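Only one structure is covered here, and it is reproduced in the block below.
Residues: numbered from 1 along the sequence shown. The structure displayed is predicted, hence computed values, not measured ones.
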Amino acid sequence: MSYSKTDLQAASEAGIISPGQLESLLTFLQARGSASPATAKFDVVHVLWYAGALIVISAMGLFSTLAFAQMGGKALTATALIYAAVFAYAGHYLWTVKNLRTPGGLLIAITVSMAPLAVYGMQHEFGLWNEFGKPDSLRGPLWLKGSWFPMEIATIAASAVALRFYRFPFFTFIMALALWFLSMDLAQWIVGKPHNWEISRQVSIWLGLAMLAAAVVVNARQRAGDFAFWLYLFGVLAFWGGISFTTSGTALQKAAYCAMNVGFLFLAVFLDRRVFAVAGTIGIALYLGDLAAAVFKDSLLFPFALSLIGVAIIAFGLYYHRHQAAITAWVDARMPEMLKRLRPANTGV
């Protein structure tokens, strides 16, 4: 929660702090703000920066793939390394000289994304493929294969190196994504069953739980920058997605799924992380929709039942929006100090 100068002046006028304390506090906050960079807000400019970086990553991947198709693995590795050098230089310049951390960090993220392409080219050039075979095309589906191990490890290593020198939270997302693929590849390679959906789903669930636990630890220790942002986001996607895509289940299991999503709503308030609220709301809607489909099967009332579910969710959102401060205050007043220490100092997702 942030406070403006007007809020502090109102507190002084109400007699909560003295005019002398107000002046000292404003002087301290001004000096602190000039000494440390302000926390960036995710506005339209940041959306454009991130969108541009993702487009560049896609374009570089496409161009590298075309180069690979026409000239082979050496060309792919060469172009990937050239792109990495150019974007690393540009990103470092924006980061250090211009103090533009977001665009600079995103350009360095493009550099990191070149690591798997460079490794892929070397693997193809030297025939380094195991019994699971090589991918047919970089543009095709990302079917999980044991031969992806070097690319995934290279991506994780490149992300770790980038994170060591540039404290940019987005690198944690790239690392988490590569770790997710690595975990599923490793599991399927161990059991000897490639393209097994059930194994991938179970690995996603456990990896998501591990990432959520890591996010809590990171969030409790971070001092500047929201490095837990992407861990929470990816952890919820992996865990919630793995459970939500279960192909079948008993009525009791479906009710437990609904209860889990209700718990996500409480976690959203406790951790002040909106990603839990989004996932929980979608999960509850999926459960109620499935329940309505069973109750109103082949009935004209089914569309109306779905409409009522949607209206109820919107109404709940409006209620929470209007009473969010009161709900948060009620939870804070009754929360043990030990649990309060687990709550994040920085929020955003």
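Under a hydrophobic-cluster definition in which Ile, Leu, Val, Met, Phe, Trp and Tyr are linked whenever side-chain heavy atoms come within less than 4.5 Å, directly or via other members, V218 and V216 are assigned to the same cluster. In terms of hydrophobic clustering, with Ile, Leu, Val, Met, Phe, Trp and Tyr side chains grouped at heavy-atom distances under 4.5 Å, W95 and V161 are assigned to a common cluster. L106 and V86 are members of different hydrophobic clusters when ILVMFWY side chains are connected at heavy-atom separations under 4.5 Å. V97 and L107 fall within the same hydrophobic cluster, defined by Ile, Leu, Val, Met, Phe, Trp and Tyr side-chain heavy atoms under 4.5 Å apart, directly or through other members.
If you take CD1 on I108 and OH on Y89, they are separated by 13.0 Å, rounding to the nearest 0.5 Å. From F276, atom CZ reaches atom CG of N261 across 11.5 Å, with rounding to the nearest 0.5 Å. A distance of 13.0 Å separates CG in L163 from CD1 in I156, rounded to the nearest 0.5 Å. Rounding to the nearest 0.5 Å gives a distance of 11.5 Å between OG1 of T102 and CZ of F170. Atoms OG and CG, on S204 and L209 in that order, are 11.0 Å from each other to the nearest 0.5 Å.
Contact of the Q123 side chain with the P150 side chain is registered, since non-hydrogen atoms from C-beta on lie closer than 4.5 Å. Within the 4.5 Å cutoff, the side chain of V275 has no heavy atoms near those of the F264 side chain. L179 is listed as a side-chain neighbour of M211, based on a closest heavy-atom distance under 4.5 Å. In this structure, R101 and R167 have side chains that are not in contact, with every pair of non-hydrogen atoms separated by 4.5 Å or more. In this structure the side chain of I243 reaches within 4.5 angstrom of the side chain of M260, judged on heavy atoms.
There is a side-chain donor-acceptor pair under 3.5 Å between S244 and Y257.
Nearest heavy-atom pair, L76 versus Y120, reported as atom, atom and distance to 0.1 Å: CD2-CD2, 3.2 Å. For A215 against L231, the heavy-atom pair with the smallest separation is CB-CB, 3.7 Å. Nearest heavy-atom pair, A154 versus V119, reported as atom, atom and distance to 0.1 Å: CB-CG2, 3.5 Å. Listed here is the closest heavy atom pair of F239 and I205: CD1-O, 3.4 Å. Taking both residues in full, the closest heavy atoms of S159 and V112 are given as OG-CG1, 3.4 Å, listed atom of the first, atom of the second, then distance. Of all the heavy atoms in A80 and A118, the pair that sits closest is CB-N, 3.7 Å.
Side-chain atoms of T77 come within 3.5 Å of backbone N or O of M122 as a donor-acceptor pair. Side-chain atoms of W240 come within 3.5 Å of backbone atoms of A279 as a donor-acceptor pair (strictly under, hydrogens ignored).
Using a 30° and 60° split on the angle between ring planes, F171 and F168 fall in the perpendicular class, above 60°.
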Between I82 and F87, is a side chain to side chain contact (heavy atoms under 4.5 Å, CB included) present by the stated rule, with each step listed?
CA-CA 9 Å; I82 292 173; F87 284 108; over 6 Å; no
Is there a side chain to side chain contact (heavy atoms under 4.5 Å, CB included) between L237 and L233? Walk through the geometry before answering.
CA-CA 6 Å; L237 290 177; L233 177 61; 4.2 Å; yes
Walk me through whether F165 and H92 qualify under side chain to side chain contact (heavy atoms under 4.5 Å, CB included).
CA-CA 10 Å; F165 294 99; H92 179 77; over 6 Å; no
One pair to check against side chain to side chain contact (heavy atoms under 4.5 Å, CB included): I110 and Y83. What are the steps and the verdict?
CA-CA 8 Å; I110 295 175; Y83 289 144; over 6 Å; no
